[in-house]
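To start, the structure under review is shown below, and the notes come after it.
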Amino acid sequence: QAEDGIRDIGVTGVQTCALPISLYPWNHETGKLFTCALQGAAPCVQLKGAGESVTAVAPFGTRVMVGSNDGTVRDCPGPDDPDAGGSCRQPITPVNAVRAMAAVPDGFLVLGENGRLEQCTVRQGQGPMCGAGVGGVSGPLAVTGDTVYVTGGNMGQEIRTCSLANLAAGCDTSLGSVPAGRLAGWTVRGFAPLADGVVVASADADKNPIVSACRTAGGCKQISGVGDVESVFAAATSGGSAYVGGGAGDGYIEIGRAHV
């Protein structure tokens, strides 16, 4: 995970020399964003310039791109940035309401509530600029190399890919589908990229947690042996194992592991 950064719902890591040195967790009830150092015992500090309706973040170098429920994205200084503690740059509004973001080499991807996925470039000393985009997709988002993983279909149950180098061409390549959930766009809860596909954390129409491995050759196959978590919300991979986090009742978190 240190090499891949930290992928979790509500927590994002920024990398320097392959090691994440800062975390950017946010409170889903208040929408407040915080910065936390991974070394030392210093408490987390609220990044006040990010506002109080944060829904997603994408770290970029020493800065962090902050997406909000009103559709704006702010370019804010992180704790290791020369302008740490200063103001965020003038916000842009690339989508109607930010639902997911993912860092890419020259900037970030941002997904709106209306299913619009935009590719944005971070410019030195200026705010980000967004260009080519594609519609008709839903989250979550995951990127590995040139491959972008999204979902599609009426209930968001279809696992699709698109090319980062040619995002405007669309996300029409399907790896397969997982059992549909109860709410449109909320079937899949988390992605974790594999070398040849992605691990998918989802929930079916009865809210049963499902973990699948969807590969470019072979489609989507359910993974067994991830424990008794009641609701899956995130996944990560390391080597040949998938680690899945979910609710275990009474507010506790339980981690299940399965071979992929």
Side-chain angles (χ1 to χ4, degrees), residues 4-15 20 24 26 33 50 54-61 63-76 78 88-89 91-124 126-152 156 158-175 185-186 188-194 197-201 214 234-236:
D4 294 336
I6 294 175
R7 298 181 179 92
D8 197 354
I9 294 179
V11 181
T12 302
V14 60
Q15 297 182 63
Y24 296 99
W26 67 91
L33 178 67
V54 177
T55 55
V57 299
F60 187 83
R63 302 186 69 83
V64 57
M65 307 300 124
V66 183
S68 299
N69 199 46
D70 61 1
T72 59
V73 175
R74 292 175 171 82
D75 179 350
C76 300
C88 301
R89 295 190 176 119
I92 60 172
T93 309
V95 294
N96 64 329
V98 176
R99 287 295 172 260
M101 297 177 70
V104 296
D106 61 350
F108 60 93
L109 299 176
V110 56
L111 177 65
E113 188 178 41
N114 63 351
R116 184 73 182 174
L117 178 64
E118 295 286 342
Q119 186 172 3
C120 305
T121 301
V122 176
R123 301 174 294 172
Q124 186 69 27
Q126 305 179 62
M129 180 178 64
C130 303
V134 62
V137 300
S138 52
L141 282 175
V143 182
T144 176
D146 181 61
T147 305
V148 181
Y149 295 95
V150 295
T151 63
E158 188 174 344
I159 312 305
R160 298 179 180 177
T161 66
C162 34
S163 170
L164 184 62
N166 191 17
L167 191 65
C171 302
D172 299 324
T173 302
S174 175
L175 296 185
W186 283 96
V188 176
R189 310 299 177 84
F191 279 150
L194 296 166
V198 66
V199 169
V200 181
C214 299

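By convention here, the first residue in the shown sequence is residue 1. These values consider heavy atoms only, across backbone and side chains, with no hydrogens, waters or symmetry-generated copies. In this text, all values refer to a predicted model and were calculated from it rather than measured experimentally.
- To the nearest 0.5 angstrom, N114 atom CG is 11.5 Å from S138 atom OG.
- Contact check for V148 versus C171: no side-chain heavy atoms found under the 4.5 Å cut-off.
- Annotation: the span from L141 atom CG to R99 atom CZ amounts to 13.0 Å, rounded to 0.5 Å.
- Taking each heavy atom of C162 and G170 in turn, the nearest pair found is CB-O, 3.3 Å.
- With no hydrogens or angles considered, no side-chain donor-acceptor pair links T55 and N69 at under 3.5 Å.
- Contact detail for E118 and V95: the closest heavy-atom pair is CG-CG1, 4.0 Å.
- For the pair V143 and P193, the tightest heavy-atom approach, listed with the atom from each and the gap, is O-CG, 4.4 Å.
- Residues V66 and A50 share a closest heavy-atom pair of CG1-CB, 3.8 Å.
- Taking CD of Q119 as the start and SG of C130 as the end, the distance is 9.5 Å to the nearest 0.5 Å.
- Panel note: side chain Y149, backbone G197; a donor-acceptor pair is recorded below 3.5 Å.
- T151 places a side-chain N or O within 3.5 Å of a backbone atom of G139 that can act as its donor or acceptor partner.
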Next on the checklist: Test side-chain contact (heavy atoms from CB on, under 4.5 Å) on T147 and V198; report intermediate values, then the result.
Outcome noted: CA-CA 10 Å; T147 305; V198 66; over 6 Å; no
Item to check | Residues F191, V199; criterion side-chain contact (heavy atoms from CB on, under 4.5 Å); working and verdict | outcome: CA-CA 6 Å; F191 279 150; V199 169; over 6 Å; no
Next on the checklist: Using side-chain contact (heavy atoms from CB on, under 4.5 Å), reason through L109 and L167 one step at a time and then give a plain yes or no.
Outcome noted: CA-CA 10 Å; L109 299 176; L167 191 65; 4.1 Å; yes
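- Side chains of V110 and C120 form a contact here, defined as non-hydrogen atoms less than 4.5 Å apart.
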Checklist entry - Would L117 and V150 count as a side-chain contact (heavy atoms from CB on, under 4.5 Å) if you check the C-alpha gap in whole Å, the side-chain angles of each, and the deciding distance to 0.1 Å? => result CA-CA 10 Å; L117 178 64; V150 295; 4.2 Å; yes
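- Interatomic distance, CZ of R74 versus CD1 of I92, reported as 11.0 Å (0.5 Å rounding).
- Between N96 and E113, the closest heavy-atom pair is OD1-N, 3.1 Å.
- Between the D146 side chain and the S163 main chain, no donor and acceptor come within less than 3.5 Å of each other.
- What you find for L164 and G145 is that their closest heavy atoms are CD2-O, 4.0 Å.
- Contact of the V122 side chain with the R63 side chain is not registered, since no non-hydrogen atoms from C-beta on lie closer than 4.5 Å.
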